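Worksheet: one structure, shown below.
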Amino acid sequence: MDSAISARGLTKVYGKLTAVDHVDMDVRRGGIFGLLGPNGAGKTTIIKLLTGLSEPTEGEASVAGFDIRRQPMHVKKNIGWVAAEVILDDDLSGWENLWLQAKLQRLTDWKGRADDLLRYFELTDRQKDRVGTYSTGMRKKMEIALALLHQPQVVFMDEPTIGLDPNVRRMLWKLITGVNQEFGITVLLTSHYIEEADALCDQVAIIDRGKFVARGTPAELKSRIQNDFIELETGPDVTEEKLAALPGVTEVRTQGKDWILKVTSAEVTLPHLFSAFPENAIRNVSIHRPSLESVFIDITGHKIDQAGGDVQDFRKFYMTMRRARQ
Ligand SMILES: Nc1ncnc2c1ncn2[C@@H]1O[C@H](COP(=O)(O)OP(=O)(O)OP(=O)(O)O)[C@@H](O)[C@H]1O
Ligand SMILES: [Mg+2]
């Protein structure tokens, strides 16, 4: 297989915590691979291992054809990284941020590429304005442009659309697809948004507590699930026994104060649910049809939760490339 990223037994242990636990993965050249998982699942740690920001405790991996342990500088020269946090210098203009990025990496001949990227991300008109005046979507575009300046083969995007409103997120999806197809760049992205992986990725891995618990194309993963899930917020009268006795319920799980019912069909169970309990006992109901979200619930027993992130050492990452070019 012609892999842009390949890992075998990749493991990272922090004290007593195994943040990444014997992960095997292959990302084909030209693919968009999505790592989906809740807070603390190990997504960012995998990116740190593959980008050389952190040393694996065990296991091996190659990125863009280079071994992450033996050829870390070759790896870095061929990859770009879009951090989960905003890493732009607000006091500089868009063009100056690109200039700084070129300086950090000691790039020559970067101006034509910078012009192309500004055009592609529709930032040409604003390139002289302070980045501090940009909208959230423009800032994200600028960050992606910085990661592409040195023409990497592989780009890592850690939660590229985190905190963006749905319209901006969709706009970025198009751009990420374009980066992949028009620039021919392999993308590995992490996300909490199931629909993001569905829309963008040709391969998805679901990670929970450091382990890959499922992988495949979004369609393959969805086809594994035949059930609907009903998520319930209830009053104290509702008990596990009563829920389990409802027609069509094959499993009852709890999530915090909520219940998750695995059912053969929501249409079958819902009428019985409402007739079995007094009106005010059921406070909230949501239905999850076969989707990546329901795959996630089925495999991990819990819902994918809200996004978070930690501050990344962006400059350090690109400074090491500068050293590599000296
Ligand atoms: N430098 C570190 N030292 C100790 N523990 C760490 C370190 N970095 C990460 N961890 C722990 O490793 C686990 C995985 O963290 P990681 O940041 O990879 O999760 P994540 O999937 O990116 O989560 P999020 O969705 O919140 O960004 C967490 O329990 C985290 O606290
Ligand atoms: Mg993270």
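Since this is a predicted model, take the numbers as computed values, not measurements.
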TODO: Go through the steps for Arg126 and Asp129 under the test salt bridge (charged side-chain N to carboxylate O under 4.0 Å, His left out), then give the verdict.
DONE: CA-CA 5 Å; Arg126 298 292 303 271; Asp129 297 343; 2.5 Å; yes
Pairwise side-chain contact, [X] with [Y], heavy-atom cut-off 4.5 Å (strictly under):
X	Y	result
Leu10	Ile68	yes
Leu88	Leu146	yes
Leu118	Leu98	yes
Met142	Tyr134	yes
Arg215	Ile206	no
Val82	Lys140	yes
Val263	Asn227	no

Task: Closest heavy-atom pair and its distance - Val268, Pro247 - done: CG1-O, 4.3 Å
Task: Shortest non-hydrogen contact between Met25 and Arg8, atoms and distance - done: O-NH1, 3.5 Å
Task: Ser3 side-chain N/O to Ser6 backbone N/O, donor-acceptor pair under 3.5 Å - done: no
Open item on the list: Looking at Thr186 and Gly30, would you say the former's side chain and the latter's main chain have a donor-acceptor pair under 3.5 Å?
Closed with: yes
Is the count of non-hydrogen atoms from other residues, nucleotides or ligands lying under 6.0 Å from [X] atom [atom1] greater than 12?
X	atom1	value
Glu122	CD	no
Arg130	CZ	yes
Glu251	CD	yes

Under a 4.5 Å side-chain heavy-atom rule over Ile, Leu, Val, Met, Phe, Trp and Tyr, are [X] and [Y] clustered together?
X	Y	result
Ile282	Leu261	yes
Leu189	Leu175	yes
Ile46	Leu17	no
Leu273	Ile287	yes
Ile260	Val238	no

Task: Mutual orientation of the aromatic rings belonging to His74 and Phe66 [parallel < 30°, tilted 30-60°, perpendicular > 60°] - done: parallel
